[in-house]
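A short worksheet on the structure shown next.
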Protein chains: 2
Amino acid sequence: MVKMSDVAEKANVSKATVSRVLRNPETVKKTTRDKVLAIIEQLNYQPNILARHFRRSETNTILVVIPNILNTVFSHILGGIEHEAGKHGYRVLLANTNRQVEKEYEFLDHLKQRQVDGMILLSARMDKSVLYDVMKQYPVVLTADYLEGIPIPTVTIDNVSSGRTATEHLIKLGHSRIAHITGPLHLLVSQDRLKGYRQALLQNDLDVDNILIQEGDFTHESGYNQMTKLLALEHPPTAVFSANDEMATGIIKAAKDHGLSVPEDLAVVGFDNVKLSAIYDPGITTIAQPMFEMGNKAMEILLHQINGDDSCKKQYVLQNELVIRESCGAKRKNNS
Amino acid sequence: MVKMSDVAEKANVSKATVSRVLRNPETVKKTTRDKVLAIIEQLNYQPNILARHFRRSETNTILVVIPNILNTVFSHILGGIEHEAGKHGYRVLLANTNRQVEKEYEFLDHLKQRQVDGMILLSARMDKSVLYDVMKQYPVVLTADYLEGIPIPTVTIDNVSSGRTATEHLIKLGHSRIAHITGPLHLLVSQDRLKGYRQALLQNDLDVDNILIQEGDFTHESGYNQMTKLLALEHPPTAVFSANDEMATGIIKAAKDHGLSVPEDLAVVGFDNVKLSAIYDPGITTIAQPMFEMGNKAMEILLHQINGDDSCKKQYVLQNELVIRESCGAKRKNNS
DNA sequence: TTGAAAGCGCTAACAG
DNA sequence: CTGTTAGCGCTTTCAA
């Protein structure tokens, strides 16, 4: 392996000069620089990045802590992170927690040991005070999730208002008996979407019937099961707001199996706008989360922090959008 | 930052002993070891991993080169890799190529510069001879894709036999006019699935009608468009084998929009067995690729190579499986 | 604009 | 079983 001293020797300069040519070319006289560059080319010299990382104690690598790579929402955010990171010469290390808190702590050590320059969390179950201590000392951004009470930089959408938008859309379509199948209620985003649902009903003088609120776990199966329960009620709902798109497919399946048509007999609105919602038949009306942009923005903020600019340590709320497809029945109405 | 010499001093031993306690505890007398461990605890010493990587010129990190993270097949394989890597203390660096060859070459440099201990490719578009040179010197595994002519370790399924299985299944159900919507034909896997399709027809004395073979690009939209074309034929097919599940949803959609029912008027078989195929209505009969296992196996082989065992540098073919759901019409027949 | 020199913190011979 | 010693290859003062 050819090293810097080999280049230096052959070019009749010092190691220091070679180093400068590589990292601060403008501080070296052009003729010297060209000479060194030529030798580097000739010897096919590749700097030892490990030595550089060690010496500079920085890695050009950031860590992304993800609860589950198989979840399309997370992989889209990851795509956004990767894109932005790549543009700036940063590498992305994957850290799959499988929703285990212990794993989160483990990966925190990576950051503390300076094995990475910063960290983006896609879920934060760890102790708030621990995270708070970390974020004071190291670059950290949270996205897709958020925490109350600690000022950690966050990139999210407004899940309360999104939940309200989804529900109001169904109300405007004339529904008054609207169910909500929530995500896991230990997640703040699920609580928020539920909160938005409640607000929409109340603001439109509709009763909140707790029997119409069922907790799901974001899977197709839970959507199917909870909807089946709802359809067994004496007064079943005529519309459902589902906390994500996958559950919405389960809801629609349950309705069909019960002999109902969507949207004629049951209107459905989902959440996320993953590809599934566009592909499914009927197309699922949904709240679009700007997943790619969330990743991008999170990475952008992290880079600012890494570069010592802490002015970006704020809460960022990105715009969500209602995407109307067939499952809610609005299109049909518009056509007639 | 407390360092090894601090621990050594406080414990009245040499740095070497501290290092041994950390990396080869069994070579240190128990009492000494316990003393050192206690001091480490007390000082909350964290070894500088960057220094270790530099010194040992190894990183405990492997690189996964992925054409597109958003593709569920790839993210499942990634999941398998991550799982196996985690078990052995290896970290996974993500490298998204967005299908650009230049990116592949770029990431190859990572490996050559020893920034990572090994590399798993989920697609290999680069020049074979380049890859061949690399694989002779560095640990590399290819999965989900393969290359002809060079002996690079590979983990795949047999796409020819899978294509045959899928097509034969449709033949057994009584179909004789079977179409195939392929993946992008510059990919060997697409060519192989097509080859299997052809073999199945020929072996069953059915004509291969080229008009029934249309090239798609693995998206829902291409499935929809190509199926629409096929349905406009004078003698449209009564069954279709789709090279992946997402296109199968487009095919089904096109059939419905054309007033046909699936599977009654058109039988459909997909490929991959991603969650979508189970969720979709109708459920899509498909060839299951053991995605997680592929990732696992690939990582396992890579670890062997990293540890200097080259006996594993072989081609591994994993088992695929036909998963029967509603879209092919077999279930109905069984019931009647 | 360039060079000399001093490490960064750890590991691994080697010797005892 | 433990200590001494000599770096790994690079960056960065400091001085010229």
Side-chain angles (χ1 to χ4, degrees), chain A residues 1-40 43-61 89 109-110 112-117 308, chain B residues 1-40 43-61 89 109-110 112-117 306-308:
Chain A
M1 203 88 282
V2 33
K3 51 191 147 178
M4 195 174 267
S5 56
D6 299 331
V7 176
E9 195 177 339
K10 190 138 189 176
N12 284 315
V13 294
S14 67
K15 282 188 298 172
T17 300
V18 180
S19 177
R20 285 189 195 103
V21 168
L22 257 26
R23 296 194 50 81
N24 306 93
E26 67 286 358
T27 67
V28 179
K29 196 169 58 175
K30 184 161 183 346
T31 54
T32 327
R33 195 197 317 156
D34 290 347
K35 185 174 58 182
V36 171
L37 252 16
I39 303 288
I40 286 178
L43 297 182
N44 190 25
Y45 165 69
Q46 305 259 37
N48 181 328
I49 309 290
L50 263 30
R52 177 181 292 173
H53 287 168
F54 167 48
R55 184 52 233 260
R56 296 181 49 86
S57 67
E58 67 180 34
T59 60
N60 280 296
T61 306
D109 285 338
H110 262 68
K112 287 189 190 162
Q113 293 171 185
R114 301 204 172 278
Q115 295 192 53
V116 291
D117 297 345
Chain B
M1 202 91 280
V2 32
K3 55 190 145 182
M4 195 175 270
S5 56
D6 298 332
V7 176
E9 195 176 340
K10 191 137 190 176
N12 283 317
V13 295
S14 68
K15 282 189 298 171
T17 300
V18 180
S19 178
R20 285 189 196 101
V21 168
L22 257 26
R23 295 193 50 82
N24 305 94
E26 68 285 358
T27 67
V28 178
K29 195 169 58 174
K30 184 161 182 350
T31 55
T32 327
R33 197 196 318 157
D34 290 346
K35 184 174 58 181
V36 171
L37 252 15
I39 303 289
I40 285 178
L43 297 182
N44 189 26
Y45 164 70
Q46 305 260 34
N48 181 328
I49 310 291
L50 263 29
R52 177 183 291 172
H53 288 168
F54 168 49
R55 183 52 233 256
R56 298 182 45 89
S57 65
E58 65 179 36
T59 60
N60 280 298
T61 306
D109 284 340
H110 262 67
K112 288 188 190 165
Q113 293 171 184
R114 302 204 172 279
Q115 296 193 52
V116 292
D117 297 345
I306 290 173
N307 296 324

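In what follows, every chain begins at residue 1, and chains take the letters A, B, ... in the order their sequences are listed.
Among the heavy atoms of the strands lying under 4.0 Å from B:N12 are primed sugar atoms or P, OP1, OP2 only; no base atom is included. Nucleic acid contact class of A:S19 (heavy atoms, under 4.0 Å, all strands): base. The residue B:T32 sits close only to the backbone: its heavy atoms come under 4.0 Å of sugar-phosphate atoms, none of a base. Residue A:R20 is in base contact, counting any heavy-atom pair closer than 4.0 Å across all strands shown.
The separation between A:D34 atom CG and C:dT2 atom P is 11 Å, rounded to whole Å. Rounded to whole angstrom, the span from the CG atom of B:L50 across to the P atom of D:dC10 amounts to 15 Å. Atoms CE (A:M4) and P (C:dG3) sit 13 Å apart, rounded to a whole Å. In this entry the distance linking CG of B:D6 with P of C:dC8 reads 11 Å, nearest Å. Straight-line distance from the NZ atom of B:K35 to the P atom of D:dC1: 15 Å, rounded to whole Å. With rounding to whole Å, A:R52 atom CZ is found 18 Å from D:dC8 atom P. Between A:R56 atom CZ and C:dC8 atom C1' the separation is 13 Å, expressed in whole Å. The distance from atom CG of A:N24 to atom P of D:dT11 is 10 Å, rounded to the nearest whole Å.
Aromatic stacking is marked for A:F54 over C:dC8, as both cut-offs hold: 5.5 Å for the centres and 30° for the planes.
Summary of the strand contacts: B:A16 and A:L22 both lie near DNA chain D, and taking for each the nucleotide with the nearest heavy atom, the more 5' one is attributed to B:A16. Position along DNA chain C of the nearest nucleotide to B:S5 versus A:T17 favours A:T17 as the more 5'-ward residue. Residue whose closest nucleotide on DNA chain C sits further toward the 5' end, between A:K15 and A:K29: A:K29.
In the displayed structure, B:K10 atom NZ is contacted under 6.0 Å by at most 12 heavy atoms of other residues, nucleotides or ligands. Other residues, nucleotides and ligands contribute at most 12 non-hydrogen atoms within 6.0 Å of the CD atom of B:E9. In this structure, B:R114 places its CZ atom where only 12 or fewer heavy-atom neighbours from other residues, nucleotides or ligands lie under 6.0 Å away.
Close to D:dG9, at under 4.0 Å from its OP1 or OP2, lies no side-chain N or O of A:Y45. The side chain of A:T27 contributes no N or O atom lying less than 4.0 Å from OP1 or OP2 of C:dT1. One finds a side-chain N or O of A:K3 lying less than 4.0 angstrom from the OP1 or OP2 phosphate oxygen of D:dG9.
Not a single donor-acceptor contact under 3.5 angstrom links the side-chain atoms of A:R55 to the base of C:dG9.
Considering A:M4, A:R52, A:K3 in turn, A:R52 is the only one that fulfils the side-chain contact (heavy atoms from CB on, under 4.5 Å) rule with A:P47.
Proximity of a side-chain donor or acceptor of A:N24 to a complementary backbone N or O of A:T27 within less than 3.5 Å is not detected.
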